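Source: prediction; values computed, not measured. Counting starts at 1 for both ligands and their atoms, in listed order.
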Amino acid sequence: MNSVEETQAGGAARAGAAATRAGFVALIGRPNAGKSTLLNALVGEHLAAVSPKAQTTRHRIPGFRTEGSTQYVFVDTPGLLDPSYLLQERMQETALAALEGVDVACWLVDHDEPSEREEELLRKLATRGGTGDDALGLPLFLLLTKSDQVPAAKLAARESAWGRLSLWADCFRLSAMTGEGIEELLTALRDRLPKQPFFYGPDDLTDLNLRFLAAELVREACYDELGAEVPYSVHVEVSEWREPAREGEKTLIRATVYVERESQKGIVIGEGGRKLREIGRRGRVSIEALIGGPLFLELRVKVRPKWSRRDRDLEFFGYKR
Ligand SMILES: Nc1nc2c(ncn2[C@@H]2O[C@H](COP(=O)(O)OP(=O)(O)OP(=O)(O)O)[C@@H](O)[C@H]2O)c(=O)[nH]1
Ligand SMILES: [Mg+2]
């Protein structure tokens with residue numbers, strides 16, 4: 001995958017006579033704020049894993065939306081928190097690195113007021129690129145999410161508490177469920193994107209590969225099916241992907257669900273293999289929607305002790321520094 005900076009440098013070099021606008025928009029915020037749900041709504045495809053459990057996203061997930069002469073490159077990120085073990089540290093690094101080179105950062109909130117740490121980060125971002133007189137500043141949009149489930153009075157109080165920071169280029173009340181605010185957000189973002197050629201084909205939705213996306217959907221199924229703690233110990237790798245040889249045949253995907261302890265392996269498999277079958281069924285349905293055809297999904301479970309706390313395992317699984 002190209003880094004944002006490399007891609008943007010290429011884009012800028014080709015700019016000039018461009019009649020198009022294109023640019024990068026980061027979605028950042030606390031875990032569970034609704035970033036991945038919004039990314040999927042903006043792109044119109046279930047690219048990013050979503051779950052009611054916090055800390056679902058672990059990687060930078062780009063999703064594209066091309067509309068007429070505008071190309072939005074949205075970047076979903078892991079939720080920002082105080083890391084307490086190595087995987088969480090990697091997730092924070094990934095989220096902050098995803099802000100490099102973006103044109104706009106959307107700060108998503110589903111909570112009432114900023115913490116000191118959040119305020120500090122946002123102030124830093126708002127003056128990104130310099131200090132004093134040459135401060136460039138990253139345009140920050142405040143997105144109050146889940147507006148369909150928050151009473152209007154509460155949303156208004158939330159808006160004024162966050163508004164007091166006086167850092168915002170714009171503010172929106174949004175619901176990824178009803179679509180409230182999405183068109184308004186897109187219009188405001190468009191005006192902030194540089195006039196330059198598209199970075200990707202107009203039909204492209206992401207530059208992530210299908211193996212990665214499929215593994216994420218199996219992991220999402222694990223979040224749905226497994227109790228409180230186990231999903232945090234789950235990593236999924238696709239080991240084999242076989243396209244159908246003939247029309248009417250199924251795609252074959254073999255994937256491994258890694259956990260950290262023998263007891264977790266038992267939980268993932270479940271009595272008589274029932275849990276794993278249900279994870280497989282959910283994962284298959286999501287992946288079939290993504291690839292647009294029938295799938296045979298084979299899962300197995302392996303223990304990799306304490307992988308979420310070990311540097312070498314994290315690197316092996318692609319959680320890069
Ligand atoms: N009612 C309602 N629920 C929402 C909305 N957006 C997200 N949710 C729910 O909020 C929960 C968290 O959503 P995610 O999109 O996974 O949140 P996230 O910010 O990506 O979370 P992390 O990846 O953990 O940082 C899920 O249960 C979503 O279904 C919304 O607009 N309305
Ligand atoms: Mg997410």
Side-chain angles (χ1 to χ4, degrees), residues 25-63 74-85 87-99 105-112 114-115 117-118 121 141-152 154-155 158-159 162 171-186 206 208 212-213 215-236 282 286 308 319:
V25 179
L27 307 179
I28 53 171
R30 270 190 205 180
N32 218 40
K35 301 174 294 296
S36 302
T37 310
L38 181 62
L39 179 91
N40 293 342
L42 290 165
V43 173
E45 185 79 49
H46 193 98
L47 290 179
V50 165
S51 145
K53 298 189 176 78
Q55 301 174 50
T56 308
T57 306
R58 296 176 182 164
H59 297 272
R60 173 184 181 275
I61 313 278
F74 294 103
V75 181
D76 182 20
T77 59
L80 292 163
L81 42 64
D82 266 330
S84 58
Y85 55 98
L87 171 61
Q88 290 185 334
E89 275 177 37
R90 291 285 179 280
M91 287 159 60
Q92 300 316 288
E93 288 162 10
T94 299
L96 295 175
L99 290 164
C106 291
W107 177 257
L108 282 74
V109 296
D110 70 342
H111 60 294
D112 289 338
S115 67
R117 191 168 161 264
E118 287 171 329
L121 170 71
F141 280 23
L142 174 64
L143 309 190
L144 302 156
T145 60
K146 310 184 189 178
S147 65
D148 57 289
Q149 66 172 26
V150 186
K154 198 170 172 62
L155 265 183
R158 206 172 264 182
E159 186 170 340
W162 283 93
C171 168
F172 297 87
R173 296 180 184 191
L174 275 191
S175 166
M177 299 297 160
T178 66
E180 184 194 353
I182 297 225
E183 275 313 314
E184 292 84 346
L185 171 66
L186 287 167
T206 186
L208 293 171
F212 174 85
L213 293 170
E216 285 289 275
L217 292 173
V218 174
R219 202 166 60 80
E220 180 182 69
C222 292
Y223 274 69
D224 286 336
E225 283 296 320
L226 300 169
E229 295 304 322
V230 183
Y232 300 105
S233 290
V234 165
H235 171 83
V236 178
R282 278 188 190 252
S286 309
S308 72
Y319 300 98

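Among all protein heavy atoms, the one lying closest to atom 16 (O) of ligand 1 is Ser51 N, 3.3 Å. In terms of protein heavy atoms, atom 17 (O) of ligand 1 is closest to Gly34 N, 3.2 Å. Nearest protein neighbour of atom 25 (O) of ligand 1, counting heavy atoms only, is Lys35 NZ, 2.9 Å. The protein heavy-atom contact nearest to atom 22 (P) of ligand 1 is Asn32 N, 3.5 Å. Of the protein's non-hydrogen atoms, Lys146 CG, 3.5 Å is the one closest to atom 5 (C) of ligand 1. The shortest contact between atom 3 (N) of ligand 1 and any protein heavy atom is with Met177 CE, 3.6 Å.
In this pair, Trp107 and Trp162 present their aromatic rings tilted. The plane angle is within the 30 to 60° band.
For atom 24 (O) of ligand 1, the nearest non-hydrogen atom from the set Gln55, Arg30, Lys53 belongs to Gln55. Distances from atom 6 (N) of ligand 1 to the heavy atoms of Val150, Thr37, Asp76 show the closest one on Thr37.
Remark: the backbone N or O of Gly63 is not paired with any side-chain donor or acceptor of Thr206 at under 3.5 angstrom. Not a single donor-acceptor pair under 3.5 Å links the side chain of Gln149 to the backbone N or O of Lys146. A donor-acceptor distance shorter than 3.5 angstrom exists from the side chain of Thr145 to the backbone of Ala33, with no hydrogens or angles considered. Within the 3.5 Å criterion, the main-chain N or O of Gly79 finds no donor-acceptor partner in the side chain of Gln55. Under a 3.5 Å cut-off, the side chain of Gln88 and the backbone N or O of Ser84 do form a donor-acceptor pair.
Each of the following atoms of ligand 1 lies closer than 4.0 Å to a heavy atom of Ser175: 31 (O). Which parts of ligand 1 touch Ala176 is read off a 4.0 Å heavy-atom cut-off, strictly below it: atoms 30 (C), 31 (O). Below 4.0 Å from some heavy atom of Gly79 lie the following atoms of ligand 1, by number and element: 25 (O). Proximity to Gln149 (heavy-atom distance under 4.0 Å) selects the following atoms of ligand 1: 1 (N). Those atoms of ligand 1 that come under 4.0 Å of a heavy atom in Ala54, given as number and element, are 24 (O).
Residues His46 and Glu220 bring a donor and an acceptor atom of their side chains to less than 3.5 Å of each other.
The pair Arg30-Asp110 fails the salt-bridge criterion, with no side-chain N (NZ, NE, NH1 or NH2) lying under 4.0 Å from an Asp/Glu carboxylate O. Ion pair Glu159/Arg173 flagged as a salt bridge, since at least one NZ, NE, NH1 or NH2 atom sits closer than 4.0 Å to an Asp/Glu carboxylate oxygen.
Not a single N or O atom of Leu174, backbone or side chain, sits closer than 3.5 Å to an N or O atom of ligand 1.
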Q.
Walk me through whether Asp76 and Thr57 qualify under side-chain contact (heavy atoms from CB on, under 4.5 Å).
A. CA-CA 8 Å; Asp76 182 20; Thr57 306; 3.7 Å; yes
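Rounding to the nearest 0.5 angstrom, the gap separating the CE atom in Met91 from the CG atom in Leu81 is 6.0 Å.
Under a 4.0 Å heavy-atom criterion, Thr145 is not in contact with ligand 1.
The Mg ion (ligand 2) has no N, O or S atom of Thr37 under 2.8 Å away, backbone or side chain. Taking 2.8 Å as the criterion, Thr56 does not count as a coordinating residue of the Mg ion (ligand 2), since none of its N, O or S atoms falls below it.
Only side-chain heavy atoms of Asp148 come within less than 4.0 Å of ligand 1; its backbone N, CA, C and O stay farther off. When non-hydrogen atoms are compared, ligand 1 lies under 4.0 Å from neither the backbone nor the side chain of Ala48.
For the pair Ile28 and Lys35, the tightest heavy-atom approach, listed with the atom from each and the gap, is C-CD, 3.6 Å.
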